[in-house]
Chemist: 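Input: one structure, supplied below.
This is a predicted model, so every value here is computed, not measured. Quick note on labels: first sequence line is chain A, next is B, and so on, each numbered from 1. What's counted below: heavy atoms across the whole structure, side chains too, no hydrogens, waters or symmetry copies.
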Number of protein chains: 2
Amino acid sequence: MSGGERREQILETAVRLFSQNGFNGTTTKEIAAAAGVSEAMVFRHFSSKDALYEAILDTKSCQGESQFPWTTNKVLLDAMARKDDYEVFYNIALHAMNKHQSDQGFMRLLLYFALEEHALASKFFKEFVTRIYKFIGDYIKTRQADGAMRDLEPNIAVRAFMGMLLHHSLNNILWDKKRTVLNISNEEAADNFATILLNGIKK
Amino acid sequence: MSGGERREQILETAVRLFSQNGFNGTTTKEIAAAAGVSEAMVFRHFSSKDALYEAILDTKSCQGESQFPWTTNKVLLDAMARKDDYEVFYNIALHAMNKHQSDQGFMRLLLYFALEEHALASKFFKEFVTRIYKFIGDYIKTRQADGAMRDLEPNIAVRAFMGMLLHHSLNNILWDKKRTVLNISNEEAADNFATILLNGIKK
DNA sequence: GTCTATATGACGATAGAC
DNA sequence: GTCTATCGTCATATAGAC
């Protein structure tokens with residue numbers, strides 16, 4: 001296996017293990033074993049465990065665009081142009097929750113890194129949270145100007161909406177994996193959350 | 001210092017450090033130093049680091065009642081009796097978020113334990129989440145029977161509402177400590193969240 | 001109850017052969 | 001590019017004196 005490939009493979013293995021057990025809870029030996037190489041190989045490609053962590057953040061930062069594919073989703077942009085509020089928020093909710101569900105490891109990684117307060121993690125969060133709030137907030141402002149939504153701080157509405165989505169996903173990933181408290185499809189959740197929010201902020 | 005006192009003190013120190021750096025990120029040496037005793041003393045009172053972890057869960061489980069003081073809050077119970085929906089949800093939101101704010105360490109601890117998937121942690125979550133959903137869900141059912149709220153699965157409404165509260169608190173604790181994205185008081189947040197939810201689910 | 005000293009093992013990281 | 005062997009350090013946990 002070539003250098004680049006091996007490096008990539010070790011990196012992916014590390015992401016997987018960090019997302020399962022956190023940075024401190026994962027040993028370089030485990031990473032090596034899971035990647036099917038010796039521990040020395042890990043240190044050949046990454047000078048230290050910290051360097052491995054930084055490489056992950058760089059990778060994930062560069063993949064940033066792909067973290068929010070729904071911001072360029074055609075159906076969504078169409079709905080926004082038509083000002084079909086329900087379609088807009090339903091699609092945002094559905095795509096976000098589908099993404100969370102299919103990328104649970106990444107969600108866990110973000111939580112671990114947030115808790116562990118690595119310097120670069122906060123930069124990562126800020127960058128993307130700011131973007132989402134602007135994206136949805138701007139749409140709400142437009143609809144307020146249209147007189148379709150009542151006059152409240154747009155970011156509060158975004159906070160409320162993202163709260164529903166993220167909390168629901170976190171429940172499914174962390175606390176209620178068996179769905180004993182609430183067992184609904186992402187479509188049903190998206191429908192309900194979009195409806196609650198829109199009724200909640202309409203004029 | 002007597003045995004019981006010292007044990008208590010070590011336990012509290014451990015809770016603080018675990019909440020800051022997680023279980024794996026905290027050493028018994030650090031705990032001993034922070035508690036002002038030798039490392040041997042930690043192991044005299046707790047046979048292992050794992051035993052320390054279990055003792056924390058036991059303690060926190062027993063303190064369960066005090067984790068949700070608002071379920072017995074007089075103002076809230078009054079509002080429920082009067083069926084003053086806004087007062088009910090405003091007070092739930094405000095008390096919950098105030099609690100989160102004053103007990104950020106405990107919030108972090110819960111997140112760490114959820115991520116680290118210790119067996120007893122899930123028991124802890126299940127016990128209390130179930131209780132909250134029943135408490136609020138029952139009220140919503142009553143109001144639906146009154147014809148005041150529309151016919152949706154009560155637990156979905158609870159999920160949406162708890163999502164707003166918890167996500168807002170998590171933002172303040174983890175990602176947006178400086179409040180650069182959204183800087184509002186708990187009162188303002190409670191007012192907005194209660195209003196959004198109630199408009200969102202009223203008939 | 002509290003300490004110092006230490007055993008035992010794991011972890012991050014390196015050296016050097018192939 | 002990959003390995004085995006190993007180093008120094010730190011972590012959990014114990015022994016034994018006071």
Chemist: Would you indicate what B:Ser38 reaches in the nucleic acid, counting non-hydrogen atoms under 4.0 angstrom: base, sugar-phosphate, or nothing?
Modeler: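 Base, at least one base heavy atom under 4.0 Å.
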
Chemist: Rounded off to whole Å, could you give me the CZ-to-P distance for the B:Phe46 and C:dT2 pair?
Modeler: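 Computing the B:Phe46:CZ to C:dT2:P distance gives 13 Å.
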
Chemist: Expressed as a whole number of angstroms, how long is the span from A:Glu30:CD to C:dG12:C1'?
Modeler: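 Going from A:Glu30 (CD) to C:dG12 (C1'), I get 13 Å.
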
Chemist: Check whether any side-chain nitrogen or oxygen of A:Arg6 sits under 4.0 Å from OP1 or OP2 of D:dG1, and answer yes or no.
Modeler: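 No, A:Arg6 has no side-chain N/O under 4.0 Å of OP1/OP2 on D:dG1.
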
Chemist: To the nearest Å, how far apart are A:Leu17 CG and C:dG12 P?
Modeler: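 Going from CG in A:Leu17 over to P in C:dG12 covers 12 Å.
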
Chemist: Heavy atoms under 4.0 Å, any strand shown: does A:Val37 hit a base, just sugar-phosphate, or nothing?
Modeler: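 Sugar-phosphate: the residue A:Val37, judged by heavy atoms under 4.0 Å, touches backbone atoms but no base.
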
Chemist: Applying the side chain to side chain donor-acceptor pair (under 3.5 Å) test to A:Tyr86, which of A:Asn91, A:Asp191, A:Thr195 qualifies?
Modeler: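 That would be A:Asp191.
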
Chemist: Restricting to non-hydrogen atoms, name the atom on A:Glu30 and the atom on A:Gly25 that form the minimum distance, rounded to 0.1 Å.
Modeler: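 Scanning both residues completely, I find the closest heavy atoms to be OE1-O, 3.9 Å.
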
Chemist: Rounded off to whole Å, could you give me the CE-to-C1' distance for the B:Met41 and D:dT12 pair?
Modeler: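 B:Met41 atom CE is separated from D:dT12 atom C1' by 17 Å.
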
Chemist: Please give me the minimum heavy-atom distance between B:Ser19 and B:Tyr112, naming the atom from each residue.
Modeler: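 Nearest pair, atom of B:Ser19 first, then B:Tyr112: O-CE1, 3.8 Å.
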
Chemist: Select from A:Arg44 and A:Thr28 the residue whose nearest nucleotide in DNA chain C is closer to the 5' end of that strand.
Modeler: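 It is A:Thr28 whose nearest nucleotide is closer to the 5' end.
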
Chemist: Between B:Glu39 (CD) and C:dA7 (P), how many Å, whole number?
Modeler: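 Those two atoms, CD and P, are 16 Å apart.
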
Chemist: Between C:dG12, D:dC3, D:dA13, which nucleotide has the shortest distance from any of its atoms to the side chain of A:Ala40?
Modeler: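 Nearest to the side chain of A:Ala40 among the choices is D:dC3.
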
Chemist: If I take atom CZ in residue B:Phe43 and atom P in nucleotide C:dG1, what distance separates them, rounded to the nearest angstrom?
Modeler: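 Rounded to whole Å, this separation is 18 Å.
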
Chemist: Name the closest nucleotide to the A:Thr27 side chain, picking from D:dG1, C:dT2, C:dC11.
Modeler: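 Of the options given, the side chain of A:Thr27 lies nearest C:dC11.
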
Chemist: Is there a ring-ring contact (aromatic ring centres under 6.0 Å, His included) between A:Phe113 and A:Tyr53 once you walk through the steps?
Modeler: CA-CA 10 Å; A:Phe113 284 179; A:Tyr53 165 75; 4.6 Å; yes

Chemist: Among A:Ile196, A:Ile92, A:Ile140, which one satisfies side-chain contact (heavy atoms from CB on, under 4.5 Å) with A:Phe161?
Modeler: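 Between A:Phe161 and the candidates, side-chain contact (heavy atoms from CB on, under 4.5 Å) is satisfied uniquely by A:Ile92.
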
Chemist: Starting the side chain at C-beta, find the nucleotide from C:dA13, D:dT12, C:dA15 nearest to A:Lys49.
Modeler: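 That would be C:dA13.
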
Chemist: Report the distance from atom CG of A:Asp50 to atom C1' of C:dA13, rounded to the nearest whole Å.
Modeler: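 For the pair A:Asp50 CG and C:dA13 C1', the rounded distance is 13 Å.
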
Chemist: Specify the separation, in whole Å, of atom CG of B:Asn21 and atom P of D:dA11.
Modeler: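 After rounding, the reported distance stands at 12 Å.
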
